[in-house]
Amino acid sequence: MTYATQSNIPSLVGVGYKTQHIDDINTNSGTVKWLEIHAENYMADGGPLIKQLRHLRENFPISCHGVGLSIGGELPLDQDHLNRLKKLIDWLQPGLFSEHLAWSTHEGGFLNDLLPLPYNSSTVTRVADHIDQVQNTLGRQMLLENPSTYVAFKSTTMDEIDFLSDIVSRTGCGLLLDVNNVFVSGTNQDYSPEDYIDRFPVEHIGELHLGGHAEDMDDHGETLLIDSHDNPVVDPVWKLFDRLLARSGPKPTLVEWDNDIPDWQILESEASRATDALGRAA
Amino acid sequence: MSLSDFAPALLNVENPVPDGLVDPKGRPAGRRFDVYRNNVVHSLSEALASAYPVIQKLVGEDFFKSMANVFVRQFPPSSPLMFQFANEFPTFLETFPPVRHLPYLPDVARLERARRQCYSAADADPIDGTVLTGATPEQLMSARLSLHPSLRVVVSIYPIFTIWENNNNDIQKPLPTGGQDILISRPLDTVNMQTLPKGGADFLRALYENKTLAEATDIGSETDGFDLTSNISGLLAAQILIKTTM
């Protein structure tokens, strides 16, 4: 079963919500038009965080980003977790819901990281089945996000765009394109981020992500980029963003900054730069 | 390869990098796999430190990090709800040989765990204590009191409240002799703590188990020096009364 896109998130700029910014958000100058929360942080029985979110949703469109469903995993989805997610989505009614093309849970438990999977005919079926299950449980469309990856699999037989396109046609889900992830994975996997952007099925994009990364090196002295979300967006990623927008037109765009969280003003200036780029593409 | 080779190799550095993982030129993944290893252990260690900041302060950051390296491999999270991660940490501290000379550590960790559970517990509106003052003594003693769902009690033979306060606030209050029992609650948005009078922990537990005030008083009185009035006023000061059934 497919679900229609139904979003109150404007094709403008939002930021990842961090509790330390609550006062700034309440008095923000208007650059930031919407907020994204991580679903798993709001699955407690109660408490001030949930109360704060109930208040925030009165003033901002909210997008919900899951980090724990393990959609790319070999295990069946955790039905308890899916039920908790449904409970949250039912009251929050977020404009968008997204999750990752990655896995995080195995027999031993939850690993708190977004881990990679090979792209081939058996994984594409499994991921599509998981997405069907998520969309049928939630009764709405979800967006699937392209990952940052550091290793390749010998068992991969499809490229990432073909994989994502196949998933979209099987499930009717939308896509969340993380532009930084394109740059990180392209560098790490030795493909051209520009070609990726030029081939991406932009008609299925429901949301864009921008974020910062860190730089490391592999055993052979090759650059290895790490998706750290602890830095400003770098110039090559801004360029890719412009390149994408020229094809796709403006889309809801999120600036993510999850570690070494900066002062609100710094986040706001990143948001402002993204707003300018969206304006040029309108 | 199966992802079930991938997961154990993340937490066990002695496991080889799984076969079938390569770089873009087809060479073995090597250090590239270590990025995932580092991410997993680093993110879990950070989560442990943010759940147990006073333990980190007590043992120092470097020691805490080494200890976290051991803990997160033994007790990775059982679910994606990270606010429930590391509930095993107090028990782990009881059995971790390098901290055996710090016997109060597990109870301080229990206090930190209780604070965290209290923070995300269900909400309820506290009621005004005057409902108790209007009742006859007979009504009062047969009443059952419903307590706030955020309520937690930690008992210890060590002065863990003062240890927590000193380290959390960078102060040097003299440590009292003997143990401290602590009531932790979040009637509104803030987690509050207060030390309990003698027998107070047993008294609260009895109320929590839906015993009458008379029965709870009997249970509290098994401890020498139990005083009903100071226990009731402590309960009202903590604003943890949400319903009375008389």
Side-chain angles (χ1 to χ4, degrees), chain A residues 38-41 43-52 66-70 72-75 78 80-81 84-85 103-118 123 148-156 188-191 216-220 222 224-228 259, chain B residues 1-8 10-12 17-44 46-47 72-73 75-85 116-124 149-150 186 188-191:
Chain A
H38 285 178
E40 280 71 14
N41 293 342
M43 292 182 178
D45 294 331
L49 284 185
I50 290 174
K51 201 165 151 186
Q52 226 172 49
V67 296
L69 268 182
S70 203
E74 284 175 355
L75 295 180
D78 175 349
D80 289 342
H81 194 61
R84 287 190 288 259
L85 181 64
W103 60 282
S104 51
T105 300
H106 75 117
E107 285 88 350
F110 174 72
L111 292 156
N112 203 32
D113 194 21
L114 298 167
L115 300 160
L117 59 146
T123 58
S148 273
T149 58
Y150 313 117
V151 298
F153 290 82
K154 278 187 192 163
S155 52
T156 282
N188 293 346
Q189 306 287 358
D190 209 10
Y191 61 73
D216 202 348
M217 217 180 265
D218 78 357
D219 295 311
H220 307 283
E222 310 271 2
L224 189 61
L225 300 182
I226 317 288
D227 181 34
S228 52
N259 299 302
Chain B
M1 69 164 286
S2 158
L3 297 181
S4 49
D5 297 330
F6 199 116
L10 289 169
L11 291 174
N12 300 298
V17 175
D19 276 345
L21 294 183
V22 290
D23 77 359
K25 297 194 170 69
R27 299 172 293 199
R31 265 178 66 91
R32 290 168 172 261
F33 186 72
D34 293 342
V35 175
Y36 295 108
R37 281 180 163 152
N38 292 340
N39 281 353
V40 169
V41 171
H42 178 76
S43 81
L44 294 179
E46 295 266 294
V72 305
R73 290 184 165 89
F75 299 98
S78 55
S79 92
L81 303 186
M82 288 300 288
F83 56 86
Q84 293 175 348
F85 168 54
R116 197 160 65 120
Q117 291 173 342
C118 176
Y119 184 78
S120 60
D123 302 306
S150 70
R186 196 206 75 232
L188 300 166
D189 288 345
T190 317
V191 173

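None of these values were measured; they are calculated from a predicted model.
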**Message:** Given heavy-atom pairs under 4.5 angstrom as the criterion, report whether the side chain, backbone, both or neither of A/Asn188 touches chain B.
**Reply:** both
**Message:** Please classify the contact of B/Ala121 with chain A as side chain, backbone, both or neither, using a heavy-atom distance under 4.5 Å.
**Reply:** backbone
**Item:** Under 4.5 Å from a heavy atom of chain A, the part of B/Leu11 involved
**Value:** side chain
**Item:** Option in A/Gly72, A/Pro116, A/Gly66 with maximal non-hydrogen atom pairs under 4.5 Å from chain B
**Value:** A/Pro116
**Prompt:** Side chain, backbone, both or neither: which part of A/Leu224 has an atom under 4.5 Å from a heavy atom of chain B?
**Reply:** side chain
**Item:** Near-ring test B/Tyr119/B/Phe83, centroid separation under 6.0 angstrom
**Value:** no
**Request:** Using non-hydrogen atoms and a 4.5 Å limit, figure out which bit of B/Val35 sits close to chain A: side chain, backbone, both or neither.
**Result:** side chain
**Request:** Provide the closest heavy-atom pair for B/Met82 versus B/Pro77 in the form atom of the first, atom of the second, distance.
**Result:** SD-CG, 3.8 Å
**When A/Pro48, A/Ser70, A/Ser104, A/Gly73 are compared by non-hydrogen pairs under 4.5 Å with chain B, the top option** = A/Pro48
**Prompt:** Does A/Lys51 come within less than 4.0 Å of B/Asp123, counting only side-chain N to carboxylate O?
**Reply:** no
**Fill in**
Scored by heavy-atom pairs under 4.5 Å with chain B, the best of A/Thr156, A/Ile226, A/Asp190, A/Asn112 is A/Asn112
**Prompt:** When only pairs under 4.5 Å are counted, which of A/Lys154, A/Glu107, A/Glu40 shares the most heavy-atom pairs with chain B?
**Reply:** A/Lys154
**Request:** Evaluate side-chain contact (heavy atoms from CB on, under 4.5 Å) for B/Phe6 paired with A/His106, printing each intermediate quantity in order.
**Result:** CA-CA 9 Å; B/Phe6 199 116; A/His106 75 117; over 6 Å; no
**Complete:** Turns out that what part of A/Leu114 lies under 4.5 Å from chain B's heavy atoms comes down to backbone
**Asked** Hey, is the main chain of B/Asp19 close enough, under 3.5 Å, to the side chain of B/Asp5 for a donor-acceptor pair?
**Response** no
**Prompt:** A/Glu222 versus chain B, heavy atoms under 4.5 Å apart: side chain, backbone, both or neither?
**Reply:** side chain
**Choice from A/Ser228, A/Gly68, A/Ala39 maximising heavy atom contacts with chain B below 4.5 Å** = A/Gly68
**Prompt:** Which bit of A/Asp45 is near chain B, if near means a heavy-atom gap under 4.5 Å: side chain, backbone, both or neither?
**Reply:** both
**Message:** Any carboxylate oxygen within less than 4.0 angstrom of a Lys/Arg side-chain nitrogen, looking at B/Arg27 and A/Asp219?
**Reply:** no
**Asked** Is there a donor-acceptor pair under 3.5 Å between the side chain of A/Asp113 and the backbone N or O of A/Leu115?
**Response** no
**Side chain / backbone / both / neither for A/Leu111 at chain B, heavy atoms under 4.5 Å** = both
**Message:** Report which part of A/Thr149 has an atom under 4.5 Å of a heavy atom belonging to chain B: side chain, backbone, both, or neither.
**Reply:** both
**Request:** Name the member of B/Ala47, B/Pro28, B/Ser79 that forms the most heavy-atom pairs with chain A at distances under 4.5 Å.
**Result:** B/Ser79
**Message:** If we define contacts as heavy-atom pairs under 4.5 Å, which of B/Val41, B/Val72, B/Asn39 has the most with chain A?
**Reply:** B/Asn39
**Asked** Should the pair B/Arg31-B/Asp34 be classified as a salt bridge under the 4.0 Å nitrogen-to-oxygen rule?
**Response** no
**Fill in**
Taking every heavy atom of B/Phe85 against every heavy atom of B/Leu44, the minimum-distance pair comes out as CE2-O, 3.4 Å
**Request:** Flag the pair B/Tyr36 / B/Val17 as yes when at least one side-chain heavy-atom distance between them is below 4.5 Å, and no otherwise.
**Result:** no
**Message:** Do A/Thr105 and A/His81 make a side-chain contact, defined as non-hydrogen atoms from C-beta onward lying under 4.5 Å apart?
**Reply:** no
